[in-house]
4 protein chains.
Amino acid sequence: MVTRTRNKDEVGYTRPADSRHEQIIKAAGALFVSKGYLKTTVREIARASGITVGTLYHYFSSKDDILSFIQEDTSDFISNLVQEAEETLSQSGPVEALRLAIRKYFSIVNDFQDITLFWYHDTGNLQPAHQEHLLHCDELLGEAFKRILDAGCQSGEFKQHDTTLTAHDIIVLGDMWAFRRWFLRKHYTFAQYATEQIDLILSAITNNRFQRQVLERRAEKTR
Amino acid sequence: MVTRTRNKDEVGYTRPADSRHEQIIKAAGALFVSKGYLKTTVREIARASGITVGTLYHYFSSKDDILSFIQEDTSDFISNLVQEAEETLSQSGPVEALRLAIRKYFSIVNDFQDITLFWYHDTGNLQPAHQEHLLHCDELLGEAFKRILDAGCQSGEFKQHDTTLTAHDIIVLGDMWAFRRWFLRKHYTFAQYATEQIDLILSAITNNRFQRQVLERRAEKTR
Amino acid sequence: MVTRTRNKDEVGYTRPADSRHEQIIKAAGALFVSKGYLKTTVREIARASGITVGTLYHYFSSKDDILSFIQEDTSDFISNLVQEAEETLSQSGPVEALRLAIRKYFSIVNDFQDITLFWYHDTGNLQPAHQEHLLHCDELLGEAFKRILDAGCQSGEFKQHDTTLTAHDIIVLGDMWAFRRWFLRKHYTFAQYATEQIDLILSAITNNRFQRQVLERRAEKTR
Amino acid sequence: MVTRTRNKDEVGYTRPADSRHEQIIKAAGALFVSKGYLKTTVREIARASGITVGTLYHYFSSKDDILSFIQEDTSDFISNLVQEAEETLSQSGPVEALRLAIRKYFSIVNDFQDITLFWYHDTGNLQPAHQEHLLHCDELLGEAFKRILDAGCQSGEFKQHDTTLTAHDIIVLGDMWAFRRWFLRKHYTFAQYATEQIDLILSAITNNRFQRQVLERRAEKTR
DNA sequence: AATGAATGAGAGTTCATTCAT
DNA sequence: TATGAATGAACTCTCATTCAT
C-alpha cells in the first residue's frame, strides 16, 4: 500500500495518528479488492483495522471517503510515471524511453494488481467526480505514451501508425496482467510477461529497417 | 439482447411463459449493465418487466438465478465463434482465418458492449461455478486463436513467438472496445477500430518477408 | 384521529390496506405527541402498530412522511372551519358568527389537544414546505376571524380596534387550552373554559352601548 | 443572554473558570434555540465555545446539565418581576400596576424571545424536576398577575371576572410575541404590540364606568 | 486544566425473499 | 398463475460520554 505523505516536517517518521489512517486504508483496500466495494461493510473494515466503527468515522467521513483516499494514493504513482517518461525521452531515444515507460507502468500494475483489478470492477461505485479524475489520469498516461511513440515516428525508428491507439493498447496490455491473472499467472512470471509484451509491442511498431536491431537486442537479453 | 432457444421441439412458436422469461432477462440485463448487479433491486427488475415481485419469483428462484441465465446467453456466442474459426482455418490460410476470427470476435464485443462491460465489473457477483464457466469460455476462445496463430507459425507466415500470449492479447484488445469506450468512441468508429487493431496485431506477428504483403493489403483497402 | 378519504369509489367503507395506513398514523401520532418526534424511533412506531419496520416502510417512505400525513389530517379541519365561518357570518350577524367560530375552533383544539401541543413542540422538525403550509393554514384561519371582526366593526357592534391582532389572539387563546392544559385542567372543564374566554373576548371588543346586551346574554346562559 | 451571579463574595471580578462556564452556556443557548436541543450536538457546542468536548465535560456533567443552567438564568428574571409587581401595586393603584407588570413581562419575552420560543419547543427534553420548576415559575407569575387583578376588582376599577384565567391569558399573550413572531413581526414593532395588547386587556376587564378614562388615556398617548 | 481518540448502542432505511390469498 | 403485504437481518452513519495522556 502506498504511504501518503501528509506529515509536514517529519522525514521517515510516521505519527500514530497517521498510522491509524493508513491502517484503515490498508484494511479497507484489501477488503474492497477481495469482496468488492459494495459487499464490504464498514463494520468489517473496522474489525479488520482492529478498531470500532465509531473510531473509523473519526478518521473518515464516510465509506466513500475511504475509497477516495485509496484512489489518491494510486493516482500519485501515475503522475510520477508521466513525469519520468518525459525525462527519459529527452535523455535516451524514443525506443529506450518506450521500453522504460512500459516496464515502469507494468511494474506499477504488478505492485498494485489488486487495486488495478478493483478499478476495473468498482469504478461505477465511485462518486462521479472521482470517476472523472480516474479517466483523466488514464488519458494523461495515454498522452505520455503517445508522445514517446510520436517521437519515434518522427525519428524514423517507428512506423507511421495510429499512435493514440497504440498508447492505449499499451495501457490495456499492462492492466491485463492484473485482470487476467487467473490465466497469466499459470504461464508467466511478471518478468517474462513484461519482456514478451514489450517485444511484441516493439515488433508491431518498429520500422522494418530497425527490426534487426530489435531481434539482436532480444538475443542479447536471452543469452 | 440475445434470444435464448430453450424450446426444443417448438419451431417458430414462443409460449407466453417463455416470453415472460425473456422479458425479465432483458429488463434485468439492461439494469445490471447500467447500475451493476448489486445496486439493481429485484423490485426494479420486476417493475421494468411490467410484473410484480411475486410473479418474478415464479420464473426465477433468486436474483442470482437471473444472472446465470444472462451468462448462458452470451457463452453460446463464443462457442459459435470457436467453431467457425476452426472451419475458416481449414478452408482459407491462417492469415485470413486470423483476420476473420478477430473481426468476428470484435463484432461480438461491439454487439454486446454492455454485457462485456458488465462481466468486467460484476464477475465477482457470480456464483463460483458460473465464474469458472466464464473463465473456461475465455480459455476456449484463447485456444481457438492460438490454433490459428500456431498454424501461421508453422506455415512460416507468422514469426515464431509466444502464441498463447498473443491469443489473449487479441481477446483483451477486443474487450477493450467495450471497457474503454468512453475514450475510443471519441476517436474511432467500430470499423476503424477493428481495422487498425487487426493491422497492428498482424504487423506484430507477421514474418518480415511477408510484411510487404500486409502493407499492400492495407494500401488496397484505403484506396 | 382523522379519517382520510383516499378511497376512490367506496363510501363508508374502509379497506384493510387503508386501515394499516391509519393504524400506523394513529400509533405514530400518539408517540410523537408523548415523546416528541425526534425521540420517537421508527422501531417504536412499528411495534406500537403491531407490525415490523419493513412493513412500515411499505406504507410510508420515511419517518418524515408519517408526519406529513398527520399534518394533512389536521389542516383539513381548519379549511372546514374557515368555510363554515364564512357561511355563518352571512346568515347570522357578526356577534353570533364570532361566538360560533370561536367555539368551533376551541372544539377542534380540544379534540386534537395532543396534536396541537405537538405542533407547538415539533414544528421545527417538519420539512420547510410543510412548515410553510402550517403557517399558511394559520394565516387563513386568522383572516377568517378578521373578516368577522371587521364586519362587526362596520355594523357598529364592535369597537374600532386592531382586528388582525385580535384574530390572532383568539387563535392563541384557543391553542392555550392545549399547551397550558397542565394548569387549566385543574381549574376548568372545556365548556367553562370556552365560555369564559368567549365572554372575555367579546367584552374586550364589544362597543359600550352593546355591552348591556352581552351581559344579559351571559346572565341568561348561567341561569 | 443573562449573566448569572453565582459568585458570592467576589465583586466586579470574574474568575476565568466562570467565564468559560458562561461562554459555554451562551454558545449552547444560541444553538439550542436555533436547532433545538436534540439536534444540537455536544461537539457543536464545544466548537462554538472555542473548546474541545473533553474540556466541556470539565464544566458540565452532561448535555442535560447545560440545559439546566440556561433554565436557572431565566427563572431569575421571573422572580424579579414578581417582586417588582408587588411593590408597584402597593405604591400605585391596580390599573397602573397591571400596565407596568404587563409591559415588564412583555419586555422580558421580547429580550429573551429565542429562549421563550425554546421553552415552547423543548420543555419535553428537560428532566422532570426542571420541568416542574418551570411550571412552578409560571404559576408564580400567574399568581402575581392575579393579585393585581383581584385588587382591581376589589377597588371597583375592574369588572368581576375570572381573574385566574385572565392572569394566564396575559402570560400567553406575552409569550405569543415570541412564538408567533413569524407573523407579528410583519405587522408590529414591539412597542406597538405591547400597547395594543395592554389596551385590549384593559378594555376587556375595566368596569364600564371607568372605560372613558381608558379611552382618554389612549387618546393622550396617540396624540 | 485540557485534550481528542475511542467507544458502542442505536438511529433511519433497504431489500431479497416468502406466502396467504 | 399472479399478487403485493410482510418480514427482519443487515446496512451506513451518529453521538453522548469516557479516559489515558
Side-chain angles (χ1 to χ4, degrees), chain A residues 15-17 19-21 24 37-47 49-66, chain B residues 15-17 20 37-47 49-66, chain C residues 15-21 24 37-47 49-66, chain D residues 15-17 20-21 37-47 49-66:
Chain A
R15 282 167 307 161
S19 103
R20 265 287 154 81
H21 201 98
I24 294 166
Y37 177 73
L38 289 174
K39 279 191 174 168
T40 302
T41 73
V42 173
R43 249 173 196 76
E44 280 173 327
I45 300 172
R47 202 178 308 125
S49 312
I51 57 172
T52 61
V53 266
T55 309
L56 192 150
Y57 276 90
H58 196 72
Y59 291 93
F60 296 90
S61 64
S62 69
K63 190 183 174 184
D64 194 273
D65 193 33
I66 305 176
Chain B
R15 281 169 308 162
R20 269 282 161 81
Y37 176 73
L38 289 173
K39 281 190 175 168
T40 303
T41 73
V42 173
R43 231 171 210 78
E44 280 172 329
I45 299 172
R47 201 178 310 127
S49 312
I51 56 172
T52 61
V53 266
T55 310
L56 191 150
Y57 274 89
H58 274 287
Y59 294 93
F60 296 90
S61 64
S62 70
K63 190 183 173 185
D64 194 273
D65 193 32
I66 304 175
Chain C
R15 283 167 305 161
D18 264 0
S19 102
R20 263 288 154 80
H21 201 98
I24 294 166
Y37 177 72
L38 288 174
K39 277 192 176 169
T40 303
T41 74
V42 172
R43 263 173 189 77
E44 280 173 329
I45 300 172
R47 201 179 310 126
S49 312
I51 55 172
T52 60
V53 266
T55 307
L56 192 150
Y57 275 91
H58 196 71
Y59 292 93
F60 296 90
S61 63
S62 69
K63 189 183 175 185
D64 193 273
D65 193 33
I66 304 176
Chain D
R15 282 168 307 160
R20 269 282 159 82
H21 201 99
Y37 177 72
L38 288 174
K39 280 190 176 169
T40 302
T41 73
V42 174
R43 230 170 211 77
E44 281 173 327
I45 300 172
R47 200 177 311 125
S49 313
I51 56 171
T52 62
V53 266
T55 309
L56 190 151
Y57 275 89
H58 274 286
Y59 294 93
F60 297 90
S61 65
S62 70
K63 190 181 173 185
D64 195 272
D65 193 31
I66 303 175

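The sequence lines fix the lettering, A, B, ..., with proteins before strands; numbering per chain opens at 1.
Summarising the geometry, atom OH belonging to Y57(A) is positioned 10.0 Å from atom CG belonging to D65(A); distances are rounded to the nearest 0.5 Å.
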Nucleotides 13-21 of chain F: protein proximity per nucleotide (B base, S sugar-phosphate only, - neither; heavy atom, under 4.0 Å):
BBBSBB---
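F60(C) is linked by a ring pair (Phe, Tyr, Trp, His ring centres under 6.0 Å) to H21(C), F69(C), counting only residues two or more places apart in sequence or in another chain. With sequence neighbours left out, S62(C) forms a side-chain hydrogen bond (donor to acceptor under 3.5 Å, both in side chains) with no residue at all. Qualifying side-chain hydrogen bond (donor to acceptor under 3.5 Å, both in side chains) partners for D64(B), counting only residues two or more places apart in sequence or in other chains: Q127(B).
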For DNA chain F, what is the dot-bracket line, given that a base pair needs Watson-Crick (N1 to N3, plus N6-O4 or O6-N4) or G-U wobble (N1-O2 and O6-N3) geometry with both distances under 3.5 Å, and | means paired with another strand?
.||||||||||||||||||||
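Within the structure, salt bridge (charged side-chain N to carboxylate O under 4.0 Å, His left out) pairs that include any residue of residues 38-47 of chain D comprise K35(D)-E44(D) (at least two apart or interchain).
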Before giving the answer on side chain to side chain contact (heavy atoms under 4.5 Å, CB included), spell out for R20(B) and T55(B) the whole-Å C-alpha distance, their side-chain angles and the decisive distance to 0.1 Å.
CA-CA 10 Å; R20(B) 269 282 161 81; T55(B) 310; 4.1 Å; yes
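For I51(A), whose side chain is taken as the heavy atoms from C-beta onward, the closest listed nucleotide among dT7(E), dA1(E), dA6(F) is dT7(E).
In this structure, L56(C) atom CG and dT7(F) atom P are separated by 11 Å, rounded to whole Å. Taking atom CZ of residue F60(C) and atom C1' of nucleotide dA5(F), one finds them 14 Å apart after rounding to whole Å.
When the nearest nucleotides of DNA chain F are assigned to E44(A) and G50(C) by heavy-atom distance, the more 5′-ward of the two goes with G50(C).
Minimum heavy-atom separation, A46(B) to T52(B): CB-C, 3.8 Å. Closest heavy-atom contact between L56(D) and I66(D): CD2-CD1, 3.9 Å.
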